[in-house]
Amino acid sequence: MSSKQFKNPVANWVEKRLPVISPIHHTLFEHPFPRNLNFMWNFGSLAGLCLVIMIVTGIVLAMQYTPNTADAFGSVERIMRDVNSGWLLRYLHMNVASFFFIVVYIHMFRGLYYGSYKAPRELLWIIGVVILLLMMATGFLGYTLPWGQMSFWGATVITNLFSAIPGVGDAIVTWLWGGFSVDNPTLNRFFVLHFLLPFVILGVVILHILALHTSVSNNPLGIEIKGPQDTISFHPYFTIKDMLGVCVFLLLLCAFVFFMPNDMGHPDNYIPADPLVTPAHIVPEWYFLPFYAVLRSIPDKLMGVIAMFAAIGVLFILPWLDRSPVRSARFRPMFRVMFWAFLVICYILGTVGAQAPDNVYVFVVPYLFSFEVSSWMTVLTVGQITTALYFLFFLSLPILPLFEKTKPLPASISEAVLSKSEK
Amino acid sequence: MSNTGSGHDETKRDFLMVATAAVGAVGAGLTVWPFINSLNPSADVLALASIEVDLSTIEEGQSITVTWRGKPVFIRRQTAAEIADAEGVDVATLPDPQAYGDRVTKPGWLVMVGICTHLGCVPGGQKVTDNKGDFGGWYCPCHGSHYDTAGRIRKGPAPKNLEVPEYNFLSDNLIKIG
Amino acid sequence: MSKMNKTFKLVTAAFAAMVVSTSAAFAAGDLVKAPKQDWSFNGPFGVFDRASQQRGFQIFQEVCASCHSLEYIAFRNLTDIGFSADEAKAVAAEYQVPSEPNDEGEIVDRAAKPSDFWPSPYANAKEAAATNNGKAPPDLSLMAKARVGGADYIYGLLTGYEDHEGTPENLHYNKYFPGYYIAMAAPLSDGAVDYVDGTPNTVEQMAKDVSHFLMWAAEPKLEDRKSLGVRVMLFLLVLTFITFLAYRRVSKKVKGH
């Protein structure tokens, strides 16, 4: 490693004393990347970009924010009105939070579709699920900080989930609050944890990348790399492809930040927190909605909480649930249908989570349309059906290979790529 | 950059790559500004950057201290003796030469930032009971700087006279500082 | 080609069907949504209308301010809506705010300065509630962002009062208010305020102006945001375009490898 020679004498000088140049050089020019990676592989780098934007905007916002129940709401308004470019930093932080989840969810669905969680990438996938959990915790903590009505009641409802634990539940909730309700001690510790967790995420992301480099990227065909003809270097092929992804991402992000910054938020969070008045209809941030729907679908408090955590926890054992030797859904006709059905189920669960349980269910696609499916279907019924289907998807994976006839796999990546470009 | 292709194509690709990198770098550079600028004083801080002080209650020979931008400002209505004292000094002999007339807008009214130009302590001399130093003005207890009746440094480690802030008389008895 | 056409027609038809069912779903819903208004601040190039903002400010001062606070607006902010610094100072001087403790330790009222924030009409929330049938009038600084529909909702609410049988005592029927019965009596009536610029002082006009003013109060950086946004989008379009060219060139090489 240290004997490596570079054209640039400065690089050589540094490398001799501190071997940091060669790993970067290795990643950019020598590490084998499958040549057939499609645009679905852009979302990893985009998630990294989101994390960086969140940390940088978060640090400057923290310099202006006051974690005290008396001043928190006002300090956010001061950022929006008086701090130079404060509105921009805050709207970036708000909207990138949402985009971060969109990007990570797409990243995960891509992993699901192409079987990226299968051997030898089980740990890579599990570390990814850990990142998702940390992101959820960070997102929830951060949503509390502006101390609006949704902040306060969101914090109250989510912390109360722990009261479902038999015996010690109430003691745990009191401990979480540092008092007998969500109050100043709660806000203070939430602020500290919200500041800390992104750096923990950063650490786990490094493990995620290490695991990725060890097991090498999966690819749309889901077959192993057979030799150098199957691979290309990261630079310039994926540097420019990632950059293009970043451009499109930034266009979408800026459309929200500059022209509809509050669309993914809730108007109630512009009302200062009031511990005596609960808003008529409280909903969590959109990225929690599918899990919130699972929680509400189970009529029992403890079982609801367990089901909600199980909905995420099942992802940890996914690599062992799916027993098919074929990775990519391209060669798994039944799994492919189930994948798309699962995607729709998750979406429906999201819309269920956004609606009051006793209402008639309305299917919604934001900005496009919404309609009642049937006048006798309540939100609760739809939620229960889709919750059952959500778990059924995972439970049917182990037996699926018994029925599924997979398509023949190509001999190699290069063969598949060349036959396609000849057509 | 690894070279694998043939010459002509390679130049064009390099041009596009360099252009992309350059425009991207400009964008990243411009993005840095809002982050840096957010740490500059905000609008609510700037709104308090100037204050108005009513002088009508100050008697001759009396001083008041007001807070301006988080710092003490000394306002003194001087006696005739103090003015004469301040004007009678040979300016050329001072460590920081400045005529009395250049330190006041309206003779008899001295307005200065009450921070010693040595290392930032607040000199005494505002109260009747304070040690006013060897020259009858202000005395900084931290390192022994003596200021005269016009707030000029006369003895001690301070290099400059007490700073006169930007101010103007809105009317006979009202000044605006900053 | 014909296949694409067919697909396109199918998608359009499906979409149209969904739009129709959408409007049906909305009609079936019990709360009437306040209709969208044609605001000058709408759209990516939107800006505030200074004259309307100033008229709205007059309504706020003469009508709303007797019960509602405007906590996050300082007098200096009036320069944003076209007042000069001196005019803002003069407006401030009409209001009294508590001073810092004086040398005797007393807190006395003093004339407000441009740096002061709008004083509340009540000493505290309890007093506000006690004077208004137990329901404190909400602060208006963020009203245009804190309600679904924003400025459209405020306009709808101010013009949505109707006579309705069975309205409980001390409450008022309003077709755009969630729950319909609102504690605030219709605050505007034709001719309630005399506009200096001669604009007709109808309820609709006044509601429009004060909604415009409140949108600014809630989002004072709206103009900065949109104008910066347009520039950023243009820059990003250029960057995306050249990145796309570079990408196309690079990817051509890898496919033909």
Side-chain angles (χ1 to χ4, degrees), chain A residues 35-36 73-74 77-78 80-82 85-88 91 148-149 229 232 236-248 250-255 257-259 261-262 265-272 274 280-281 359-360 362-365 368-372 375 414 417-418 420-421, chain C residues 15 17-22 24-26 28-29 43-44 46 71-74 77 138-139 141-150 153 178-179 218-222 224-233 235-237 239-244 246-251 253-257:
Chain A
R35 58 187 298 164
N36 59 336
F73 190 88
E77 275 313 305
R78 193 185 144 263
M80 295 295 290
R81 291 157 191 270
D82 287 335
S85 319
W87 59 269
L88 175 60
Y91 277 153
Q149 275 289 65
Q229 71 280 7
I232 46 176
Y237 304 107
F238 293 118
T239 33
I240 200 73
K241 197 174 183 176
D242 275 350
M243 173 102 175
L244 185 58
V246 166
C247 287
V248 175
L250 288 178
L251 273 171
L252 277 170
L253 171 69
C254 288
V257 167
F258 290 106
F259 303 113
N262 293 307
H266 197 290
D268 278 4
N269 225 26
Y270 282 110
I271 304 171
D274 184 349
H281 177 205
N359 286 6
V360 170
V362 180
F363 183 77
V364 190
V365 177
L368 293 180
F369 58 83
S370 61
F371 61 89
E372 266 178 31
S375 57
S414 54
V417 170
L418 287 177
K420 200 177 159 195
S421 65
Chain C
F15 194 75
M18 279 163 179
V19 171
V20 170
S21 43
T22 310
F26 273 129
E71 224 186 319
Y72 297 110
I73 293 293
N77 296 133
D139 184 74
S141 324
L142 282 157
M143 199 43 83
K145 270 160 59 175
R147 296 290 183 274
V148 178
Y153 169 77
E219 186 78 354
K221 300 292 177 190
L222 181 140
D224 290 0
R225 168 160 66 75
K226 291 192 171 179
S227 74
L228 179 61
V230 170
R231 281 175 284 159
V232 168
M233 292 303 267
F235 175 85
L236 282 175
L237 283 172
L239 181 63
T240 310
F241 181 67
I242 57 169
T243 310
F244 174 72
Y247 165 73
R248 205 175 52 170
R249 186 150 281 274
V250 167
S251 66
K253 280 182 77 77
V254 69
K255 292 259 161 65
H257 221 45

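For clarity, every value in this text was computed on a predicted model and none was experimentally measured. Computed from heavy atoms alone, side chains included, the values below leave out hydrogens, waters and symmetry copies. In what follows, chains carry the letters A, B, and so on, assigned in the order in which the sequence lines appear, proteins first and then strands, with residues in each chain numbered from 1.
With chain C as partner, the option from Val246(A), Asn36(A), Asn269(A), Ile271(A) having the largest number of non-hydrogen pairs under 4.5 angstrom is Ile271(A). Interface check for chain C: of the options Met243(A), Arg81(A), Glu77(A), Lys241(A), the most heavy-atom pairs under 4.5 Å are formed by Arg81(A). Listed options Asp82(A), Thr239(A), Val248(A), Val365(A) were ranked by heavy-atom pairs under 4.5 angstrom with chain C; first place goes to Asp82(A).
Nearest approach of Cys254(A) to Val232(C), heavy atoms of both residues: SG-CG1, 3.8 Å. The two atoms that bring Arg225(C) and Val257(A) nearest to each other are CD-O, 3.7 Å, heavy atoms only. The nearest pair of heavy atoms linking Lys226(C) to Gly46(C) is CD-O, 3.9 Å.
Lys145(C) meets the salt bridge (charged side-chain N to carboxylate O under 4.0 Å, His left out) test with Glu219(C); sequence neighbours excluded. Under the side chain to side chain donor-acceptor pair (under 3.5 Å) criterion, Asp242(A) pairs with Ser45(A), sequence neighbours left out.
In this pair, Tyr72(C) and Phe73(A) present their aromatic rings tilted. The plane angle is within the 30 to 60° band.
Only the side chain of Leu88(A) comes within less than 4.5 Å of a heavy atom in chain C; its backbone stays farther off. For a residue to count as touching a neighbouring chain, one of its non-hydrogen atoms must lie under 4.5 Å from one of that chain's; by this rule Leu237(C) touches chain A with backbone and side chain alike. Only the side chain of Tyr91(A) comes within contact range of chain C, with heavy atoms under 4.5 Å apart. In this structure, the portions of Asp224(C) lying under 4.5 Å from any heavy atom of chain A include both its backbone and its side chain. With a 4.5 Å cut-off on non-hydrogen atoms, Val148(C) touches chain A through its backbone and its side chain both. In this structure, chain A has heavy atoms under 4.5 Å from both the backbone and the side chain of Pro44(C). Of the two parts of Ala280(A), neither the backbone nor the side chain holds a non-hydrogen atom closer than 4.5 Å to a non-hydrogen atom of chain C.
Side chains of Pro138(C) and Met143(C) form a contact here, defined as non-hydrogen atoms less than 4.5 Å apart.
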